[in-house]
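Input: a single structure, listed below in structure tokens.
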Amino acid sequence: IPGYQDDVSAESSTEFPDRMSLMEVRLQAQEDEITLLKSSLADALRKLRLHDQQIPLLKQQLIAGKRFVKGISLSLEDALPESIQFTDETPIKLRREEEDAFEEEMGKDQTWSSLVEETIQPTTVRTLQQQQSKGSEDSQGSCPQTPTSSSPAPPKELASSPHGGPLSSIREEENMLCVDLQKWNQALAGLIVATVNIRVLCILPFILLTGQSIKMFIRGRPITMYIPSNILNYEELRMDLPSQKLDLDWVYGYRGRDCRANLYLLPSGEAVYFIACVVVLYHIRNQTQRHYQKHTDCVRCLAIHPDKVRVASGQTAGVDKDGKPLQPFVHIWDSKTLVTLQQIGLGTFERGVGALAFSSSDNGTFLCVIDDSNEHMISVWDWNKNIKHTEVKSTNEAVLGVDFSPTDTNNIISCGKSHVYFWTLSTGTLTKKQGIFGKYKKPKFVLCFVFSLTGDVLTGDSEGNILTWGKSAADTKTLGKGAKETFQIMKQTRAHEGSVFTMCILQGGAILSGGGKDRKIIRWSADLAPERECEIPEKFGAVRTIADVDGEELLVGTTRNAILRGTFSDGFVAIVQGHVDEMWGLATHPTQNIFITCGNDRQVCVWNAGDHKLDWCATLEESGLCADFSPNGAVVSVGLSTGRWVVLDLQTKEVVSDLTDGNEQLSVMRYSPDGSFLAVGSHDNFIYIYNVTEGGRRYTRFGKCTGHSSFITHLDWSKDGKYIMSNSGDYEILYWDVASGCKLLRNRFESKDREWASYTCVLGFHVMGVWLEGSDGTDINALCRSHSERMVAVADDFCKVHLFQYPCPKPKAPSYKYEGHGSHVTNVRFTHNDSHLLSMGGKDTCILQWRVKGAGTGDHSKEHLASSSSVCSSSSSPENGR
């Protein structure tokens with residue numbers, strides 16, 4: 001069965017993980033560039049059409065319209081088309097396309113900037129001078145403009161204004177504003193005669209009345225966000241660390257799909273295993289977890305010291321945010337105290353650590369390490385002294401296991417693709433002898449091996465055989481005088497249909513083997529006579545590894561990322577379960593400690609965050625990419641990769657509705673606060689709105705929001721359930737009046753004071769500070785505001801979870817940063833009472849549950865926003881929140 005990876009494709013596919021990772025990063029970057037180019041082209045075409053329509057109107061008004069009255073008074077209203085109107089109370093009602101056209105010219109080389117967008121009313125230049133003489137200390141803005149053939153050059157002082165830079169105050173422009181009245185009369189008169197482009201407005205950055213906005217730039221694209229009315233002095237807003245912190249509470253999942261020898265039982269009653277960057281110690285009887293969290297990238301292998309207390313764990317190299325490879329290492333740590341005792345190999349290993357083993361006969365003095373470089377370097381360390389005794393090339397083929405002889409530290413065995421090597425350590429040098437298969441069929445993979453109590457070596461391979469290797473006298477004629485004895489095949493035992501994935505020696509000498517295709521666990525006598533067997537359920541996959549509990553009870557790790565507990569007599573039940581492919585969809589129940597996940601493995605899983613258990617799981621026909629609970633908590637909607645979406649009843653687990661919108665993947669599902677509407681965001685650039693009746697079981701199309709030029713990424717409903725805020729793949733923020741027929745609100749200024757029932761949009765004034773300077777638009781995958789509206793959690797593309805205060809409207813806001821994921825973090829959600837935060841890794845298939853600790857709940861966000869003090873710089877942000 002291909003699903004069981006019987007051909008060991010998992011092992012061969014992990015031989016070059018860093019190269020694959022780099023290729024994926026580059027591919028994603030190219031896809032992002034193509035998306036931006038498409039959206040930019042669409043914007044450019046819209047703007048060209050808009051200018052073509054406006055130029056004749058502007059010419060007509062310039063010919064027949066009002067002129068200067070004695071060279072003093074100028075009405076900007078008279079110089080514009082009829083479609084653009086100004087009043088004393090409202091800001092400039094530029095069409096969105098015009099605003100974006102101006103933003104494109106302004107923002108190509110800037111990372112952060114600010115722009116004041118003001119209410120412009122009929123006024124005189126004298127009035128402007130009077131207003132400026134009073135000063136506007138609470139105002140801010142800059143609008144550098146390069147003169148063009150269609151616009152007059154501004155005064156020298158204005159032209160010399162700096163381009164770009166941080167948020168600045170309007171006071172910096174004072175010298176530019178104090179100009180001679182007569183010169184400005186001449187300039188404005190020339191402007192009226194020569195200019196036929198609406199962009200004439202941008203040479204007047206000093207006009208400041210009521211409305212303000214902040215611009216941030218992502219990949220050269222300007223994004224305008226309006227400042228809410230309750231913020232009187234944006235410059236003096238204080239950005240502090242949140243009063244809450246996170247502690248890792250629980251880890252869901254186990255990495256069995258592509259790693260082996262990764263499950264052991266400690267004398268403390270704890271099973272030790274790993275997933276992502278975390279080594280988990282799970283107390284089976286007490287059902288509690290502890291976590292070793294000192295790794296900086298995915299853990300790949302484990303070894304237990306002979307004292308059954310100390311543990312060695314090796315990690316992959318990974319890459320930094322710029323795609324440069326990092327250095328892998330091995331940690332040796334105390335399983336009782338979780339204290340790191342030694343770090344070895346930093347700067348020595350390449351790509352990652354593939355296999356580990358402690359020596360046995362000398363009380364665990366030495367540690368053998370095989371890395372993931374092309375030559376799979378094998379090294380032996382006196383780990384306590386951090387001294388490398390020897391290092392030599394192993395093989396260019398994949399290496400799957402290594403171990404010391406239990407009776408002689410100088411003998412080491414390694415196995416992998418098409419080989420088994422017998423190593424001898426002598427005078428600081430490692431020499432190898434390859435196992436010769438002779439008359440026996442050479443297997444594609446030697447997957448595992450154990451030492452029998454008699455000193456023989458038993459290997460399990462991809463042919464389903466267990467080969468017994470025994471020592472025999474060396475052929476002195478061939479090898480020369482003094483040649484030592486060698487291992488040769490003594491017996492072949494047919495064990496499994498398909499591969500033998502793992503073997504385990506029991507205390508009395510009996511042997512356990514685990515199969516791939518047949519999913520069987522077989523108990524053998526010391527002389528390899530079969531005694532008992534059982535088959536694990538198909539849904540859990542093949543047997544990856546076996547750990548003996550007490551000679552009768554066993555722990556079994558599987559290729560579908562589950563850990564089973566049981567006996568031959570009673571069968572096996574899962575005590576750890578997880579997804580087996582990349583995850584994206586995450587939602588939390590509105591009133592209970594329940595959450596749902598979905599991903600590319602086509603599984604929808606409902607979890608109990610209180611009991612740390614999988615309640616139930618259903619299989620979809622396609623990949624699930626997004627989900628949301630209805631406000632009544634009775635049903636959950638799941639968006640799929642084909643434009644189809646289904647609604648599941650939480651009690652009956654049945655599909656109560658099955659609909660399709662478009663033929664592209666869905667990216668967001670979101671119910672309105674009262675549950676009367678469902679918004680479905682798609683990669684076809686549309687948001688589909690449905691009426692919801694019968695408690696979430698009946699859906700009828702209400703309308704469609706049309707206006708985005710790229711795929712929908714995030715959306716949120718207003719608290720009154722009438723409006724939607726949405727983000728798209730080209731970093732656009734749009735607002736929609738759903739109650740009035742899914743109408744696009746072109747004047748975004750009107751939405752600046754609107755309150756939102758949830759906040760998951762990654763672009764918006766209240767979360768602007770979560771973006772680092774120079775960020776790529778894909779650096780943040782998801783964010784979520786807490787229900788108390790006091791903190792916001794962020795999932796980034798660099799395996800980190802961040803916790804900011806909310807609101808967070810200023811750049812370089814400080815945050816707590818938490819590690820644990822080994823892949824891009826795809827989603828985050830707070831539980832219904834903010835007691836926990838859930839974060840979901842992408843390809844690490846790991847769900848982390850974080851306990852929120854710190855100040856009590858309560859909404860103090862408005863008071864905090866209005867406070868004024870100096871900005872807390874990013875340098876004060878803790879490197880890690882632990």
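FYI, the numbering just counts along the sequence from 1.
Ion pairing between a basic and an acidic side chain is recognised when a charged N comes within 4.0 Å of a carboxylate O; E531 and R523 show such pairing. Using a cut-off of 4.0 Å between Lys/Arg side-chain N and Asp/Glu carboxylate O, E552 and R532 are scored as salt-bridged.
Looking only at side-chain heavy atoms (C-beta outward), P306 and F358 come within less than 4.5 Å of each other.
Geometrically, K433 does not engage F422 in a cation-pi contact defined by less than 6.0 Å to the ring centre and at most 45° from the axis. Geometric assessment of R560 against the ring of F540 yields a negative cation-pi assignment under the 6.0 Å and 45° thresholds.
The salt bridge (charged side-chain N to carboxylate O under 4.0 Å, His left out) pairs that include a residue from residues 275-290 are E270-R290, where partners are two or more places apart or lie in different chains. Pairs engaging residues 454-463 under the salt bridge (charged side-chain N to carboxylate O under 4.0 Å, His left out) rule: K441-E463 [sequence neighbours left out].
Side-chain polar atoms of E819 and T296 form no donor-acceptor pair below 3.5 angstrom. No donor-acceptor contact under 3.5 angstrom links the side chains of S405 and D408, judged on distance only. Using a 3.5 Å distance cut-off with no hydrogens or angles, the side chains of D527 and S525 do pair a donor with an acceptor. Looking only at atom types and distance, the side chain of T340 has a donor-acceptor partner in the side chain of Y292 under 3.5 Å away. For N262 and R544, the side-chain atoms include no donor-acceptor pair closer than 3.5 Å. Looking only at atom types and distance, the side chain of S569 has no donor-acceptor partner in the side chain of T567 under 3.5 Å away. T431 and T424 are not linked by any side-chain donor-acceptor pair at a separation below 3.5 angstrom, with hydrogens and angles left out of the test.
Distance CD/Q849 to NE2/H612: 4.5 Å, rounded to 0.5 Å. Between the OG1 atom of T493 and the CD1 atom of I511 there is a distance of 8.5 Å, given to the nearest 0.5 Å.
Heavy atoms of other residues, nucleotides or ligands lying less than 6.0 angstrom from NZ of K613 number more than 12.
For the pair A317 and L326, the tightest heavy-atom approach, listed with the atom from each and the gap, is CB-O, 3.0 Å.
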* When you look at E533 and R519, which way does the salt bridge (Lys or Arg N to Asp or Glu O under 4.0 Å) test go after all the steps? -> CA-CA 10 Å; E533 71 174 54; R519 308 189 316 278; over 6 Å; no
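Partners of H291 according to the ring-ring contact (aromatic ring centres under 6.0 Å, His included) rule, which considers only residues two or more places apart in sequence or in another chain, do not exist here.
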